[in-house]
K.L.:
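Got a structure for you, questions after.
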Amino acid sequence: MGQGLWRVARNQQLQHQGYAGQSYLSREHGRRIAANNVSNANHRKHAQGGIDIYHLLKTRKSKEQEGFINLEMLPPELSFTILSYLNATDLCLASCVWQDLANDELLWQGLCKSTWGHCSIYNKNPPLGFSFRKLYMQLDEGSLTFNANPEEGVNYFMSKGILDDSPKEIAKFIFCTRTLNWKKLRIYLDERRDVLDDLVTLHNFRNQFLPNALREFFKHIHAPEERGEYLETLITKFSHRFCACNPDLMRDLGLSPDAVYVLCYSLILLSIDLTSPHVKNKMSKREFIRNTRRAAQNISEDFVGHLYDNIYLIGHVAA
């Protein structure tokens, strides 16, 4: 009987200790839950954007296996902003995941106009079934064709209705496009002098220093690698355009298109002299002033000296 009473007392003691342990664990678990709630609340409070940022972070955690945030769950403005940083190849890949977003016309319109700044079709009523994504593919195809055969490339653009058969429209397209091969473009402009004339008139050299204007000119219309009739034609057209853009300056300096032509040719020769590693004895400033004033006597010595300093400090005008 004594052993039975001992077992009853022992069982009661164990039950009491168990309840106490469970109570302790419950209290500890409650404290941890409260601490987590406070931490989450503070995180939401201090996070920039408040509950929206917290919601995005929470969404991202639930999408850890996918590795990215679903753009369709973001506001449309934010989704389009993100996709606008993609090039055409990446945008096509993105359309495999977000078809409606990546195929949006505004995105493809931005890609077209950022690469080909001017096309005749931009100013027309779009034909039935028109899409800027399709237009981008055609512009890319036409540019590749131009870089292989310029005449076929221009004919391709015209056949698709992208360009009008007009020297001015072709000149605007060339002026606003940077994907054309400059060697093929030089060949094309040498054959199409009517397009070259309109291309020159698109340049505005107002209030520009002569060497800087010449650099800008040769960025769009590359100079030939050798001297010849085409280079003389380019310099002649540039000289007349520069004088037309700066009539007051030409009058104050007493310069004519012929004088500007002489200065341009002198600047090209000086550029070669100062930048070529094959020229051992570089032309001095005094020599340049003397040689230039022999060809154009009305030009002031100070002005010619400034021309020399510009080439010496900045570099080639037709690089």
Side-chain angles (χ1 to χ4, degrees), residues 171-172 174-178 180-183 185-190 192-193 195-277 279 282-285 287-319:
K172 288 181 180 179
I174 293 173
F175 185 79
C176 299
T177 302
R178 298 293 177 268
L180 304 179
N181 182 276
W182 65 270
K183 291 183 179 180
L185 182 59
R186 186 178 63 192
I187 295 173
Y188 180 78
L189 293 176
D190 192 12
R192 292 290 305 268
R193 297 298 176 91
V195 176
L196 177 61
D197 290 338
D198 286 317
L199 185 59
V200 172
T201 59
L202 293 175
H203 291 81
N204 184 8
F205 302 122
R206 182 170 179 79
N207 296 328
Q208 290 192 26
F209 194 38
L210 181 61
N212 297 332
L214 200 57
R215 289 188 185 94
E216 180 183 335
F217 179 74
F218 284 129
K219 281 182 180 179
H220 292 93
I221 307 174
H222 290 268
E225 298 174 353
E226 65 285 337
R227 303 179 195 175
E229 187 269 338
Y230 181 58
L231 177 60
E232 294 175 359
T233 300
L234 291 182
I235 298 177
T236 301
K237 293 181 181 300
F238 168 81
S239 301
H240 284 84
R241 181 60 182 168
F242 184 82
C243 292
C245 292
N246 299 280
D248 296 337
L249 178 64
M250 296 300 101
R251 184 175 58 254
D252 294 340
L253 295 176
L255 296 178
S256 64
D258 292 337
V260 175
Y261 176 93
V262 172
L263 291 177
C264 291
Y265 223 104
S266 298
L267 290 173
I268 293 175
L269 295 178
L270 177 64
S271 299
I272 296 173
D273 185 274
L274 294 181
T275 60
S276 176
V279 179
K282 305 297 183 182
M283 184 182 301
S284 67
K285 185 175 182 179
E287 291 173 335
F288 177 73
I289 294 174
R290 183 177 65 248
N291 295 337
T292 303
R293 296 197 67 195
R294 285 177 182 174
Q297 298 178 357
N298 294 332
I299 303 174
S300 69
E301 182 174 332
D302 291 338
F303 181 75
V304 180
H306 291 319
L307 296 178
Y308 181 93
D309 294 337
N310 183 278
I311 304 299
Y312 184 84
L313 295 174
I314 299 179
H316 208 301
V317 293

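We're numbering straight along the sequence, starting at 1. Since this is a predicted model, take the numbers as computed values, not measurements.
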K.L.:
What pair of heavy atoms forms the shortest contact from Ser271 to Val317, and how long is it?
P.N.:
OG-N, 3.4 Å
K.L.:
Assess whether a salt bridge exists between Asp198 and Lys172, defined as any Lys/Arg side-chain N lying under 4.0 Å from an Asp/Glu carboxylate O.
P.N.:
no
K.L.:
When you look at Cys243 and Leu255, which way does the side chain to side chain contact (heavy atoms under 4.5 Å, CB included) test go after all the steps?
P.N.:
CA-CA 8 Å; Cys243 292; Leu255 296 178; 5.9 Å; no
K.L.:
So His306 and Glu301, do their side chains get closer than 4.5 Å, heavy atoms only?
P.N.:
no
K.L.:
For the residue pair Met250 and Val260, establish whether any side-chain heavy-atom pair is separated by less than 4.5 Å.
P.N.:
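Side chain of Met250 against side chain of Val260, heavy atoms only: contact under 4.5 Å found.
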K.L.:
Check Met283 against Asp273 and note the closest heavy-atom contact, atom names and distance.
P.N.:
N-OD1, 2.7 Å
K.L.:
Is there side-chain contact between Val195 and Tyr188, with at least one heavy-atom pair below 4.5 Å?
P.N.:
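Side-chain contact under 4.5 Å: yes.
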K.L.:
Looking at every non-hydrogen atom in both residues, tell me the closest pair between Ala223 and Leu231 and how far apart they are.
P.N.:
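The answer is CB-CD1, 4.3 Å.
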K.L.:
Looking only at atom types and distance, does a side-chain atom of Arg215 sit under 3.5 Å from a main-chain N or O of Gly315, one as donor and one as acceptor?
P.N.:
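At least one qualifying donor-acceptor pair exists.
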K.L.:
Taking the inter-plane angle between the rings of Phe205 and Phe217 on a 0 to 90° scale, is it parallel (under 30°), tilted (30 to 60°) or perpendicular (over 60°)?
P.N.:
perpendicular
K.L.:
Taking atom CZ as the centre, does Arg206 end up with more than 12 heavy-atom neighbours from other residues, nucleotides or ligands that are less than 6.0 angstrom away?
P.N.:
no
K.L.:
With the side chain counted from C-beta on, respond yes when Tyr230 and Leu196 share a heavy-atom pair under 4.5 Å apart, and no when they do not.
P.N.:
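Result yes, sub-4.5 Å side-chain heavy-atom pair found.
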K.L.:
Does any non-hydrogen side-chain atom of Asn212 lie less than 4.5 Å from one of Ile314?
P.N.:
yes
K.L.:
Might you confirm whether atom NZ of Lys282 has over 12 heavy atoms from other residues, nucleotides or ligands at distances under 6.0 Å?
P.N.:
yes
K.L.:
Do Asn291 and Leu269 touch side chain to side chain, with heavy atoms closer than 4.5 Å?
P.N.:
no
K.L.:
To the nearest 0.5 Å, tell me how far Thr292 OG1 sits from Ile299 CD1.
P.N.:
7.0 Å
K.L.:
Please determine which of Phe175, Phe242, Phe218 meets the ring-ring contact (aromatic ring centres under 6.0 Å, His included) test together with His203.
P.N.:
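Testing His203 for a ring-ring contact (aromatic ring centres under 6.0 Å, His included) against Phe175, Phe242, Phe218 leaves exactly one candidate, Phe175.
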K.L.:
Using a 4.5 Å cut-off on heavy atoms from C-beta on, say whether the side chain of Ile289 contacts that of Lys285.
P.N.:
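The answer is yes, as the side chains (C-beta and beyond) meet within the 4.5 Å cut-off.
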K.L.:
Are Leu274 and Tyr308 side-chain neighbours, meaning at least one heavy-atom pair lies under 4.5 Å?
P.N.:
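In short, these two side chains touch, coming nearer than 4.5 Å.
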K.L.:
Determine the sole option in Arg186, Arg193, Arg192 for which the salt bridge (charged side-chain N to carboxylate O under 4.0 Å, His left out) test with Asp190 is passed.
P.N.:
Arg193
K.L.:
Nearest 0.5 Å, please: how far is CZ in Arg251 from CG in Leu253?
P.N.:
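These two atoms lie 11.0 Å from each other.
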K.L.:
Run through Ile268, Ile235, Leu214, Leu307 and flag the one making a side-chain contact (heavy atoms from CB on, under 4.5 Å) with Leu263.
P.N.:
Leu307
K.L.:
Thr236 and Glu232: side-chain donor and acceptor closer than 3.5 Å?
P.N.:
no
K.L.:
Taking atom OH as the centre, does Tyr312 end up with more than 12 heavy-atom neighbours from other residues, nucleotides or ligands that are less than 6.0 angstrom away?
P.N.:
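Result for OH/Tyr312: open.
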